[in-house]
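Worksheet for the structure shown next.
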Number of protein chains: 2
Amino acid sequence: MSKPSLTPARSKRVGSQLTPEAIIEASLRIAARGSADAFTVRRLGEELGTDPTAIYRHFRDKDELLLSVADRTLGEVLDSIPPGLDWQDRLRALAHASLAVALKYPAVSSAMASRTTRRANEFRIVELILGAVTEAGLDGVDAAVHYRMVGDSLLAYVGQRAAYLLFDPEVRAADESSWTREYRLVDAHGFPHITRLGQELAEVTHDQIYHARVEALITAIERRAQAVRGA
Amino acid sequence: MSKPSLTPARSKRVGSQLTPEAIIEASLRIAARGSADAFTVRRLGEELGTDPTAIYRHFRDKDELLLSVADRTLGEVLDSIPPGLDWQDRLRALAHASLAVALKYPAVSSAMASRTTRRANEFRIVELILGAVTEAGLDGVDAAVHYRMVGDSLLAYVGQRAAYLLFDPEVRAADESSWTREYRLVDAHGFPHITRLGQELAEVTHDQIYHARVEALITAIERRAQAVRGA
DNA sequence: ACCTGAACACCGTTCAAGT
DNA sequence: ACCTGAACACCGTTCAAGT
């Protein structure tokens, strides 16, 4: 990672001021490098060609910057959801886009798994989910609770996947191989199910789990809507 | 946090050696203090009355210690699941116990949300979930995928709740109040659903969301079992 | 064989000093 | 008004030195 000889890092900073916009974009570039490049204040200074502490002139602290950066990634999620879908496919498209963006910017998504940006694009996603559960037939408390179920679950899922991407390669390798190593060595009498399903457990894919988790949310909404209609 | 005058911190370390056991127990005591006391190597040294680096004689690194500590907390989860429940109630009891233990040791649960301990108590929990989905009527790939759906979802959920507990009080306060502040100020024409459901969104409880998320998992298993029986 | 403690390579953030 | 850079209070981990 030694500097190339021409420009310091990116824009020359030709007398021009640093802007929140430029800081957010530099953050996205760093985050997009995944585990290869930690998203730190010092690294951000390098990327911007300024002193690391210069960002404190534009953001109160790193957390406030993170919220702004995260809301920008939510914009990317929204942009990739096509119009004209029914509520189920709208939620499927949201899940798909959320995962893609989370894997693109793992440091951001991982840090946001328990958080709220409280910014413009988050409002739009909330409105989108509320529209979906409303179209499904829910209202009032039911709509609010099922919105939170969907929103929190998606956030948790993509955050879980993103965090995994950020671990040391050797930690990840050890976790990944557990189904073909530690779990294959368990006592057959004490653990009959693990023994019987060893092969299948080792071969489960992220895609299968993703599908099961997303469809479980949709089914739950359909179920509740049916119960409400029946009453 | 100045030392009291009598004993250094806990056991006197009366010539006796440090043991993995003592290190794990000290870790659990620190983790149980929540955000009041960060789970760091230096803090662990204080708690044990030894030099912080002494633990490297017993664990390769902090991650390996974390896995051992986490597996101990899984033992607490297992101990609080009563016998004799049908598969649905067994999963409900597992979810309930997992959340309770995660909120008791937030630093551990938060760090484990994307991880595997690959140790004894984890094997027992996997066996428990596989037993439940088998009793529900699933087998082979279906059993494996639905086990992962349940296991990963519970881990993500309790990790999400635990991580939230560890944030600065002011960060948490800002996130919590968003439903009564930022979300109440959105434009009514651009965000009709948020506007209409503002009150309900602000009043949703953790309990309601937890219930919806856990029941969604159980329903998904029931659904798949019905589909398999029908074929 | 195990523990100590200095040291290293990192973090986020503050604040006086520069322009 | 904004950026710089030294400094502070932290991290996890290594390694030579002690016992």
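Chain naming here is simple, since letters A, B, ... match the order of the sequence lines and numbering starts at 1 in each. The shown structure was predicted, so the numbers you read here are calculated from the model rather than taken from an experiment.
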Rounding to an integer number of Å, can you tell me how far [X] [atom1] sits from [N] [atom2]?
X: A:D63; N: C:dT13; atom1: CG; atom2: P; answer: 8 Å
X: A:E64; N: C:dG12; atom1: CD; atom2: C1'; answer: 15 Å
X: B:D61; N: D:dT14; atom1: CG; atom2: C1'; answer: 13 Å
X: A:Q17; N: D:dT4; atom1: CD; atom2: P; answer: 11 Å
X: A:E46; N: D:dC3; atom1: CD; atom2: P; answer: 18 Å
X: B:I55; N: D:dC11; atom1: CD1; atom2: P; answer: 13 Å
X: A:R57; N: D:dC3; atom1: CZ; atom2: P; answer: 8 Å
X: B:I23; N: D:dG12; atom1: CD1; atom2: C1'; answer: 15 Å

Subject >> Of B:K62 and A:H58, the one whose closest DNA chain D nucleotide lies more 5' >> reply: A:H58
Original post:
For DNA chain C, whose closest nucleotide is more 5', that of A:D51 or that of A:A38?
Top reply: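 The residue whose closest nucleotide sits nearer the 5' end is A:A38.
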**OP:** Say whether, by atom type as modelled, one donor and one acceptor occur between the side chain of B:D71 and the main chain of B:E122 under 3.5 angstrom.
**Re:**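 Present.
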Original post:
Are the side chain of A:E127 and the backbone N or O of B:H193 linked by a donor-acceptor pair below 3.5 Å?
Top reply: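 Yes; at least one donor-acceptor contact below 3.5 Å.
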**OP:** Name all residues meeting the side-chain hydrogen bond (donor to acceptor under 3.5 Å, both in side chains) criterion together with A:E200; count only those two or more places apart in sequence or in a different chain, and write none if there are none.
**Re:** none
**OP:** Tell me the stems DNA chain C sits in, counting at least three consecutive Watson-Crick or G-U wobble pairs, each under 3.5 Å on both distances.
**Re:** C:4-8 with D:12-16, C:12-16 with D:4-8
Do you see a donor-acceptor pair shorter than 3.5 Å between the side chains of [X] and [Y]?
X: B:Q199; Y: B:R184; value: yes
X: A:Y164; Y: A:E176; value: yes
X: A:T205; Y: A:D207; value: no

Original post:
Quick one: which of C:dG12, C:dC3, D:dG12 gets closest to the side chain of B:Y56?
Top reply: D:dG12
Original post:
So, are B:E46 and B:R43 salt-bridged, with charged N and O less than 4.0 Å apart?
Top reply: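 Salt bridge flag = yes for B:R43 with B:E46.
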Original post:
Would you say B:T40 reaches D:dC11's phosphate, i.e. side-chain N/O to OP1/OP2 under 4.0 Å?
Top reply: yes
Original post:
With a 3.5 Å cut-off and just heavy-atom distances, do the side chain of B:T53 and the base of C:dG5 make a donor-acceptor pair?
Top reply: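 Side chain to base: pair present.
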